[in-house]
There are 2 protein chains.
Amino acid sequence: MPAPDVFSIGVLSERSGVNIETIRYYERAGLLQKPARSPGGYRLYRTVDVTRLCFIRRARDLGFSLDEIRHLLDLADQKSRSCRRVHDIGLTHLTEVRAKIRRLRRMEGILATMVKACANGTMPACPLLEAFASA
Amino acid sequence: MPAPDVFSIGVLSERSGVNIETIRYYERAGLLQKPARSPGGYRLYRTVDVTRLCFIRRARDLGFSLDEIRHLLDLADQKSRSCRRVHDIGLTHLTEVRAKIRRLRRMEGILATMVKACANGTMPACPLLEAFASA
DNA sequence: TGTACACCCTGTAGGAACTACAGACTCAAT
DNA sequence: ATTGAGTCTGTAGTTCCTACAGGGTGTACA
């Protein structure tokens, strides 16, 4: 590895918690820029790539599609030059994020109730399903 | 349709917001019980199926895998007889749900800041990526 | 009664987002 | 110079859907 702040895909995988194969897949899918290469053809990464990959991982875990994440990353990269466009895309995602938070809160409350009741040994009728019937 | 509280897969799809093909897929995958059939072989559903499907849809949207949802549904169905087991599984999911809420909150704050700044016409340096670097 | 026409059936093949090899090459340490 | 872990490309498999094709069902209306 030529420089101390440059590292291999294995190290990137370890630091980001993203599978090596998945990293290469994200590169093919255009979510990560093609990295520099060592003389022997090894991919060379930097800290900024760890940050970006962590973001992708978290966003995926929260149910965003790769397409949505591409949009969010474009926001971060400020590829959409127009402030108006940044505003609009941001607002759309904001609405979605808030809806997800609401639903998770509801799920949280219900799970907490179940867990507490179960700790007491009294299993309540399960309200998990009903909670999502409406919203 | 034999009875008024019994309906076809098309109606179920409409009421739950889940694609017809996906409903059949969930049945194959064992997330939905095999429904009753009309004399001609049509699937017959009831309101309880709408509830269950809505739950699956929401949970998927929140990033849970079908396997995790199976677990949650088992909790709801109380297939896991032991209260201790219900407690443990519930607690695991509760921890996960709370972590998701934390991350979404962070994302919400950042998006809100960006959107507000953009409404003023001043584009800030983007903190979206950094937000997920640590947790 | 028959005949449209929308709906449903099974089965299979595709897409998205990974994941897991195989077979060959690289790199660092000895 | 050699060994062994790590990486390369390419391809094939998995999960979770999604979209037909080709055929049967249900009902409404003439």
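A note on names: the letters A, B, ... follow the listed sequences, proteins ahead of strands, and every chain is numbered from 1.
To the nearest 0.5 angstrom, A/Leu94 atom CG is 11.0 Å from B/Ile110 atom CD1.
For C/dT19, the OP1/OP2 oxygens have a side-chain nitrogen or oxygen of A/Thr22 closer than 4.0 Å. One finds a side-chain N or O of A/Arg37 lying less than 4.0 angstrom from the OP1 or OP2 phosphate oxygen of D/dT9.
Closest of all the heavy-atom pairs between B/Arg37 and B/Leu44 is C-CD1, 3.6 Å. The nearest pair of heavy atoms linking A/Arg98 to B/Ala112 is NH2-CB, 4.0 Å. Looking at every heavy atom in both residues, A/Leu32 comes nearest to A/Arg52 through CD2-CD, 3.9 Å.
Under the side chain to side chain donor-acceptor pair (under 3.5 Å) criterion, B/Arg70 pairs with B/Asp67, sequence neighbours left out. Judged as a side-chain contact (heavy atoms from CB on, under 4.5 Å), and not counting sequence neighbours, the contacts of B/Arg60 are B/Tyr26, B/Ile56, B/Leu66, B/Ile69. Judged as a side-chain contact (heavy atoms from CB on, under 4.5 Å), and not counting sequence neighbours, the contacts of B/Ala99 are B/Arg102, B/Arg103.
Taking a pair as Watson-Crick or G-U with both hydrogen-bonding distances under 3.5 Å, the stems of three or more pairs touching DNA chain C are C:1-30 with D:1-30.
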Pick out the pairs of N or O atoms, protein on one side and nucleotides 11-16 of chain C on the other, that lie under 3.5 Å.
none

Which protein N or O atoms sit under 3.5 Å from an N or O of nucleotides 23-26 of chain C?
from   : atom 1 : to      : atom 2 : distance (Å)
C/dT26 : O2     : A/Tyr42 : OH     : 3.1

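Regarding B/Leu53, its CG atom lies at a distance of 14 Å from the C1' atom of D/dC17, rounded to whole Å. Taking atom CD1 of B/Ile20 as the reference point, atom P of C/dT10 lies 12 Å away to the nearest angstrom.
Where B/Asp67 and A/Tyr45 each meet DNA chain D at their nearest nucleotide, the meeting point lying more 5' is that of A/Tyr45.
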